[in-house]
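The structure appears below as structure tokens.
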Number of protein chains: 2
Amino acid sequence: MPQDNAKPISSPPLTDAPTPALIPVDHLLCFSFYAASHAFTRVYKPLLDAIGLTYPQYLVMVALWEKEDQTVGGIGEKLGLESSTLTPLLKRLEALGFVTRSRDPADERVVRVRLSAQGEALREQARTIPECILKATGLDLADAERLQKDVTALRVALEKAAAGKG
Amino acid sequence: MPQDNAKPISSPPLTDAPTPALIPVDHLLCFSFYAASHAFTRVYKPLLDAIGLTYPQYLVMVALWEKEDQTVGGIGEKLGLESSTLTPLLKRLEALGFVTRSRDPADERVVRVRLSAQGEALREQARTIPECILKATGLDLADAERLQKDVTALRVALEKAAAGKG
DNA sequence: TGCGATTATATCGCGCACAAATTATATTTG
DNA sequence: CAAATATAATTTGTGCGCGATATAATCGCA
């Protein structure tokens, strides 16, 4: 009978506890974010397939639509990604024809990433995506904004904690 | 210098909908989750390094501490992961000595994943992690639970939407 | 009984994501 | 000015994460 240890019968659904209580994985705060983040990318998938982007590529394009000339480091700072993640991703976007990459003549260390005409045009194709996503969340705009602010505040707190320990 | 194009001067006149506003990437709800999820793993990193696990491996161990004998498919269902993700991950956990994997004699298609003695013991080492994480969030227990519920509800809504379109 | 579906894992290829090491350019300092 | 240091991006190696496909075992049903 290797099958009967479901859980301590009466553990309340705690996110954490002073005693080493067993917390089911689906009650961990971190897991809710992990799973929700994956769920987002799954909702995006068919929409992004239609315009030939992956989800991280889409984030980079959104950043570029916001400001069309940025450095690798600047994009990394905004998205929280290392250059070792961005370099190959940007090369793929370049191969797809959506961006150009070139060394800044004023400082040859930095690479400037710019929208191509095709990258500009893609923006039109992506126009309706945010409304589709909002609809998929089942939230109204006010709740979505509230949640976005709460989650961003949490991210900031976590980043501060991570920096403090590092 | 080449740095003043905060947004496109004029969006092309489309015949239909009210022009969707440009949403900065750091105001997207999806991005707040994407970034927060990464921030969680960064906070976990030093704690998990100390016990030799990655974050996804930790989630699997938490699931096994909750119920020590599970199938690959069962774990995948709980964590929302495919067998193509779990199979190599579980092999690594096995190589580390934390779990055992064996075909179920009653149904040779099924692989049963069990905690090893070492995997059981690891639970003690991981005992204090949840409190560390809660502290890093800056939230009190009640707020953390509330947020966990909201986020889980959102995940469910997104999964429903994704399934509906597939 | 046997054979076509279904189910459970595993394999393969691609694209993140990061840490560590590398290369190339700038800046600081002696 | 030259050497030491700092900065920006790239390369390399490891581990997710998924879709598509493969393999093997079981089930359903005539």
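So that the names make sense, note that chain A is the first sequence line, chain B the second, and so on, each numbered from 1.
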Quick check for you: to the nearest 0.5 Å, what is the distance between [X] atom [atom1] and [Y] atom [atom2]?
X: Leu90(A); Y: Leu96(A); atom1: CG; atom2: CG; result: 11.5 Å
X: Tyr58(B); Y: Leu47(B); atom1: OH; atom2: CG; result: 9.0 Å
X: Phe31(A); Y: Ser37(B); atom1: CZ; atom2: OG; result: 10.5 Å

Task: Closest listed nucleotide, where the reference is the side chain of Thr54(A) and the choices are dA8(C), dC18(C), dC16(C) - done: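 Selected nucleotide: dC16(C).
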Task: Nucleotide nearest Gln57(A) (side chain, heavy atoms from C-beta), chosen from dG15(C), dA26(C), dC18(C) - done: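 Closest nucleotide among those given: dG15(C).
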Whole angstroms only, please: what is the [atom1]-[atom2] distance between [X] and [N]?
X: Tyr44(B); N: dA17(C); atom1: OH; atom2: C1'; answer: 19 Å
X: Lys45(B); N: dA17(C); atom1: NZ; atom2: P; answer: 16 Å
X: His38(A); N: dC16(C); atom1: NE2; atom2: C1'; answer: 11 Å
X: Leu86(B); N: dT9(C); atom1: CG; atom2: P; answer: 10 Å
X: Leu93(A); N: dC14(C); atom1: CG; atom2: P; answer: 18 Å
X: Asp107(B); N: dT6(C); atom1: CG; atom2: P; answer: 17 Å
X: Arg103(A); N: dA24(C); atom1: CZ; atom2: C1'; answer: 7 Å
X: Leu90(B); N: dA10(C); atom1: CG; atom2: P; answer: 8 Å

- [ ] Give Ser84(A) one of three labels, base, sugar-phosphate or nothing, depending on what nucleic acid heavy atoms sit under 4.0 Å from its own.
- [x] base
- [ ] Look at all strands and tell whether Leu89(A) reaches a base, only sugar-phosphate, or nothing, counting heavy atoms closer than 4.0 Å.
- [x]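 Touches sugar-phosphate only.
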- [ ] Find which nucleotide of DNA chain D each of Gly74(A) and Glu108(B) is nearest to by heavy atoms, and output the residue with the more 5' nucleotide.
- [x]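 Nearest-nucleotide comparison on DNA chain D picks Gly74(A).
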- [ ] Could you say whether Thr85(A) or Leu81(B) is positioned toward the 5' end of DNA chain D, judged by the nucleotide with the nearest heavy atom to each?
- [x]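 On the 5' side of the pair lies Thr85(A).
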Task: Side-chain donor/acceptor of Arg109(B) to base of dT9(C), under 3.5 Å - done: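 Not at all, since no donor on one side and acceptor on the other fall under 3.5 Å apart.
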Open item on the list: In terms of relative ring orientation, are Phe33(A) and Phe40(B) parallel, tilted or perpendicular, with 30° and 60° separating the classes?
Closed with: tilted
Open item on the list: Return whichever of Thr71(B) or Arg92(A) has its heavy-atom-nearest nucleotide of DNA chain C closer to the 5' end.
Closed with: Thr71(B)
Task: Given DNA chain C, 5'-ward residue of the pair Tyr34(B) and Lys91(B), judged by closest heavy atom - done: Lys91(B)
Open item on the list: Between Ile129(A) and Ile51(A), is there a side-chain heavy-atom distance shorter than 4.5 Å?
Closed with: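 With C-beta onward as the side chain, the pair touches.
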Task: Covered region of DNA chain D, 5' end to 3' end, by chain A [heavy atoms, under 4.0 Å] - done: dT7(D) to dC18(D)
Task: Residue pair Ala39(A) / Glu159(B): nearest heavy atoms and the distance that separates them - done: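 It is CB-CG, 4.3 Å.
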Task: Greater than 12 external heavy atoms within 6.0 Å of Glu108(B)'s CD - done: yes
